[in-house]
Structures are given as structure tokens and as C-alpha cells.
Amino acid sequence: MSDLTSGLNPAQREAVLHEGGPLLVLAGAGSGKTRVLTHRAARLIAEGRTPPWRILAITFTNKAATELRERLRGLVGPGASEIWTGTFHATCVRILRREAESVGYARDFVIYDADDQLRVLRACLADEEIDPKRIPPRAVQAAVSDAKSRMLDADDLLAQAASFRDEDIARVAKRYGDRLRANQAMDFDDLLVLGVRLLEDDPDARARWQGRFAHVMVDEYQDTNHAQYRLVRVLAEPERNLVVVGDDDQGIYSWRGADVRNILDFERDYPDAHVVALEQNYRSTGTILRAANAVVANNVGRHPKRLWTDRGDGDPIALVACRDEHEEARLVASEVEAALARGERLADVAVFYRTNAQSRAIEDQLVRRGVAYRVIGGPRFYERAEIRDLLAYLRVAVNPADAVSLARMLGAPKRGIGPTTVRRLVAFAVQHGLPAADALAQAEAVTGIGAAQRATLLDATRLLDELRQMDAAGAGVDRIIARALEGSGLRDGLDAEQTIESQGKVENLDELISVAAEHAGEREVRLATFLEEVALQADADGVDEEAGAVTLMTIHNAKGLEFDTVVITGLEETLFPHIRSDTLETLEEERRLFYVGITRARRRLSLSHAESRALHGVRDYRIPSRFLAELPPDATATPAGARAPVGTVTSVARRPAGRAVAGAALTAGDAVLHATFGEGVVIDVERGGELVRVRFANDGAERRLMAGAAPMRKVGSA
DNA sequence: ATTCAACGCTTTTTT
DNA sequence: AGCGTTGAAT
């Protein structure tokens, strides 16, 4: 099977042929990392080094997992289905379902998403008698998630609390954890945390799973958080046949816990690690790559890397100033038309923006011109209220302890059961040590529940029993869902509303039945399995590649995609880089985001900014993004008839790049890291901190730098 | 229990 | 401008 390495470049081949032990693949944008992963797995199997089922390949999104699986199927054949491919969360669930008792859960635990979390948190805030205006549920949610991503629990949070507010948050977090456990529910972070705890603390389980996998591969390693890092580390032991693939320049999720140090420190964690850099790019023109390289070179503390291509330079990058967001939208439309004139399809064109709110003006214009488009990142199918209402019935049928879903199903449709009644039921259940839903059947024993309500509750119990019996009897999931839709009165309630919205909801619910029918048709799917797949796969809308439409999305959503023509809009100070990204670290993340956006383009890239823009109902004047000034001047051009962003670009670029580098923060003796010159020591501070003299270790030279503007970070104190 | 109007916030998002 | 949450009214 030597053809598994034919057609690979030397670096790719090196990674594919790597014998064993830890391997770090620094894969620049468009450098064929998926190719490396798939060919490596195929080669290990083909050479009989490992059976397919002893390979574990972990990704971040279902989309990436699916792509990996499909490409493996093409390379390995039917055996590919035995390779464990999945997201971090899916991998943990597969393990936890088999080991649930070891972490104190029943096998049929449910998975709570962000919405469920907030419901629980609101109740916890009430328990602690904390005004949700003082501490919003979202704040606790963020704190809890952040803690869990670092493998900390509520007790750690309390121990670390630096204020009364922190202590309150920690107490709420504690209650939240208790409630989840009582409901037999795990949130997304719990899947990772409990997975890690199981493997780290339970020697038997550890031995089982470490023995299970001979090779572990991780995609997008730069996006891993600490919990994921620990999971990978423990699973890779003892053989440590671990391949991690990633690009530190594409780390754009630090705000949700991703820790770029995981990839930067890989060689420290695994001193015997082999490192391969994939720098040859097979996607973009030379000009686009030159721009991308130049922009990201302004960042400090990265693995040095330079994308190159043996293809031509291609067109210059178009730089256009627009009067306002409407003119910008017209520019987008004309770029689309130009792309069509070049022979591209609508699906080959994408429009990126920093914030979702920017799509509106563009959509308006595209509608007006009759250009088909799709917006990625709207409300997702499984997150729609009506879908969740219906799923709540199924969730309670599977797991009667799920009090959150019980409250939800009793409230939809409206039939005289409100929060008060639900609270009484749950209290009754807790008092008698019953799962929450079992209180329904004993409604007559619960004080304060009237006759009409009791009848309603008994109806609900009967429906739940019926659903359970159907499931046990092997009825298709679609039939069970259809029964829930009718039996609950949800459909009748919506039909009675007679509005456009209610009709849409009914259509969505019918769509859910169709989705379930597909599941049921493929194989025997139990309700619990279906619910789990739904919980871990939020993107049922399925981005079909062949859609004849222009794609509109945030740059975050664009990661991993590529298009012939890309327009990045809104290159303005306070928007991109975003005003909230005001530290050196977050500013660098904005720059990486820009880098990700640039490198999505295969052939043509246009960048636009508006001179005035209405945001939150207020129109104000805007300054071109400093990032525009970081592009090599000879890589850009402004098309005839268009205007170039002018005036302040250069001066903006020279503004202090975040407070972290403010001159006052540096004193003689401080250690600094510079993007170009590397590590150095501050010799002297001049002009009240505006200028610093730094001696650099690399060449021993002394340089005088603008403290506020130099791409430089303090890494140590005098 | 339900409904409707006023208030307030507003980056990025997966699982 | 637009949405989600809260609080008062029915």
C-alpha cells in the first residue's frame, strides 16, 4: 500500500510515516492536515500495525468528524467504520454510558444544553435568594463552564473566591451541580470533566480504556481546553502514540476556554515529541498567502511559520472604502456578480463579518437584487422552543428524574399547569425520594393541587407510560414522537393559534418526525439513543455544499471552510478588532481571526470598511481597521471606481496595541518577547515610558522601540 | 395561570 | 433596532 504516501509532500509523508510516540503536526491553513490524519490511519491499518478499532480520532465538531469518517471510508474501505471517530463530547459519552455507575450516574443520564442550564441556574439563584439582576444566570453559567474547562469544581471556586460576589457564584454553582446530579443530568462540560475524572481516578476504567486504544489522534489541537488536554493525555498513555494536529495561528476560541498553550507547550509535555510543520498551501494564491503571513507575523509568541504555494500570485486583494453599510452591501452584491461573470457558482462565494448583526444590511441588498443566499449561524433546529417542548416529553419518558424537562413538558401546551404546581410536584418527589415524574401519578397525594389539574397530570402520566411502552416494544422513534405530538395536545394547541408562526412551528415539528423516521429507518434506534444524538448534534440543518446560494457567516463559523471568492466586511476599529478585545492577548486573537478569514479564500479576496455604520440603533463614524495597515501594500489594490480606506489607517496601526504593552508597564530589567526579534531584556526606559531600549538575545543587538506600538509582550519582571 | 408592556442589553459559539 | 426577561394586570 505504498500509494498511501504517493502524492504527499515530504512533510506530509513524514507525518504519515512517523513510527510512533508523540507527534505534533503544525498544520498551516490549507496545508492538507486531514489528508495527513486519514492517510496515517489508513497506513497503520494497511500495514497491520493496528486494527481499525484501536484507533481513536477526536475532533471538535460533528462536521469535522463526519468529514474525517467519510474520507477514511474512501481510503480504508468498510473497516473504516470501526475506527473511533467523534467529537470530544461524543467520545466521552460513549465511554460514560458504559461506566456511568462509576461516576455516580444511571446509564440513562440526559445531557443538558445551555438553555437547560439557565433554567436550573435560575432556580439555584432563587434558592440562594440572589437577585438575578445582581448576578445574571449567564454570569454563573460562564463561571461554571470556565471552571469546569479547567477541571475545577464548585468547592475550588469557593476556595478561590476573591469577593462576596465570587462566593455567591460558587454557592450557586454548588447547588447547580447538586441539582444536575439529582436530575440525572450532565451538562456539556460535565461530559469532559467526568470523563477525565473516571479515567484519572478509577484504575480499572483507566486500564480498560487505555488498553482499548493504541493510537490517538486529535484535530484542531489549538482549540483544546485544559479538560480536553487531560483527556487526551490520559487516553494516550501508556504507549503515547499520540498525534495532535493544529495551528496556533488559528486559535480563535480562547474566550470559551481554549488554551493555546496546549499546542505551544506540546514539546515540553512530551520531550520526545517529533514535530512536523506543514507549510505548503494548496488552497490560496500567493498574494493571499503573503497577506496572511504578513498579518499574523504581528503576533507574539507563536510557532514561527510561513505559508507558501507553488501556484501563481493571482489577483491583488481588493481594498474598498464604503460610505455606509448599505454601500458596503452593494459592494458585496457586485462582488457576487463579478464572481458569476468569472464563471464561479453562487456557492463558491462567501461573505464574512465579525458580528451577526452585520448580516442584516447585506441580506436586504441581496434580497433586493434577487441573489440567493443562506445565513449560517441562525437559531438552530434543535434549539427552537417548539422542538424542545416536544423533546421534553421524550426526555422525561427516558429519564423521569429530569425535573427541567418535566417542567417544560407540563408547560407546553398551556393547560393550567404553571411553575407553582411544578414546584409542588418536584418538592413532593424529593420528599418521598422519587424521580420527579413519578409524582405525577400521585398527584392526588400532593397538597394544593386541584381536581382539574390532577386530571391533567394523570393524563400526562398515561402519555408518558404509553411512550415508554412503545419504546420498549421497539416502535420507531418517529412513531413515538408523532404520538407525543398528538397525545400532548401540542399540535392542537398550535393549530388553534392560526398564526404564521404557529404554522411554522407545526412544520418544524413534522420535520422532527421526518428526521426521526430517517434514524428509525437506518437501524433499530431506541429513544435514548435518538435523544443523545440530538443533544450532541445541534446542526441538523445540515449545511449542504451544493446549495446554489452565497454563504453569509461570521468568521468564527468560517473556520475549516474555503471559497473561491471571499468578502470580509466591516474592517473597522471597534468592530474588527472588536472594542471588547482590548488587551494584547485578545487583540492578537482578533488578528488570528482576520488570518483565518483571509486564508479561507482560494482566488479572490475583498476587504471592505464603512465610513459610517448604524449599530444598536445609533449611527456613528468609523475608522479603518488597523489590520488593513498590516497588509503588504503591494498585495492590495483598490478597483477602479472604488475608494480606498484612507487617512487614519497608519496612525491607527501605530496606536498602542492594547494596554498590556503600555510603556508604563515596562521597567529596566523586564523580559520581553518581540514578534520579529524574539526574546530580549529592557535596558532602559525613555521619554516617560514611551520608548524602551531592548537588548535582544538572538543577535545581541540593542534596539529602541515604541513601547506602545511594537509587537512585543512583557514575559517577565525585573 | 396567563398575557402583555416596559426595560435593558448588545462579540464571537460547539457540544 | 431588536430580542429576551421581568413585573404588573387580568
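Numbered from 1 within each chain, the chains take letters A, B, ... in sequence-line order. None of the values given here were measured: they were computed from a predicted structure.
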Taking the nucleotide of DNA chain B with the nearest heavy atom to each, does A/Thr421 or A/Glu589 sit closer to the 5' end?
A/Thr421
Taking for A/Leu593 and for A/Thr420 the nucleotide of DNA chain B with the nearest heavy atom, the one nearer the 5' end belongs to A/Thr420
Are [X] and [N] close enough that a side-chain N or O sits under 4.0 Å from OP1 or OP2?
X	N	value
A/Arg380	B/dT14	yes
A/Thr554	B/dT13	yes
A/Arg354	B/dT11	no

Residue [X], side-chain heavy atoms: nucleotide from [options] that is nearest:
X	options	value
A/Asn62	B/dT15, B/dT11, B/dT13	B/dT15
A/His89	B/dT15, B/dT12, B/dA1	B/dT15
A/Ser581	B/dT13, B/dT11, B/dT15	B/dT11
A/Thr355	B/dT14, B/dT15, B/dT12	B/dT12

Is it possible for you to check whether A/Arg97 lies under 6.0 Å from the centre of the six-membered ring of A/Phe109, through NZ or CZ, and within 45° of that ring's axis?
yes
Check whether A/Tyr595 forms a cation-pi arrangement with A/Arg592 (NZ or CZ under 6.0 Å from the six-membered ring centre, at most 45° off the ring normal).
no
Hey, does [X] reach any base, or is it just sugar-phosphate, or nothing, if we go heavy atoms under 4.0 Å?
X	value
A/Asn356	sugar-phosphate
A/Asn557	sugar-phosphate
A/Arg592	nothing
A/Ile417	sugar-phosphate
A/Arg122	sugar-phosphate

Quick one: are [X] and [Y] in side-chain contact, heavy atoms under 4.5 Å?
X	Y	answer
A/Leu440	A/Leu425	yes
A/Thr224	A/Leu231	no
A/Lys33	A/Asp219	yes

Pi stacking test for A/Trp255 and B/dT12: under 5.5 Å apart, planes under 30°:
yes
Tell me whether A/His578 and B/dT11 count as stacked here, given that the ring centres must be under 5.5 Å apart and the planes must differ by less than 30 degrees.
yes
Using whole Å, report how far [atom1] of [X] lies from [atom2] of [N].
X	N	atom1	atom2	answer
A/Leu571	B/dT11	CG	P	19 Å
A/Phe109	B/dT15	CZ	C1'	13 Å
A/Lys414	B/dC4	NZ	P	12 Å
A/Arg138	B/dT11	CZ	P	11 Å
A/Leu118	B/dT13	CG	C1'	14 Å
A/Tyr353	B/dT10	OH	P	20 Å
A/Met553	B/dT13	CE	C1'	14 Å
A/Phe352	B/dT13	CZ	P	13 Å

Identify the residue among A/Trp255, A/Phe576, A/Phe352, A/Phe594 that makes a ring pair (Phe, Tyr, Trp, His ring centres under 6.0 Å) with A/His556.
A/Trp255
Contacts of A/Arg233 meeting salt bridge (Lys or Arg N to Asp or Glu O under 4.0 Å) (sequence neighbours excluded), chain-then-number -> none
Donor-acceptor side-chain pairing of A/Arg354 and A/Thr554 below 3.5 angstrom:
no
Quick check for you: name the first and last nucleotides of DNA chain C, 5' to 3', having an atom under 4.0 Å from a heavy atom of chain A.
C/dA1 to C/dG7
A/Arg626/A/Glu573 salt bridge by N-O under 4.0 Å criterion
yes
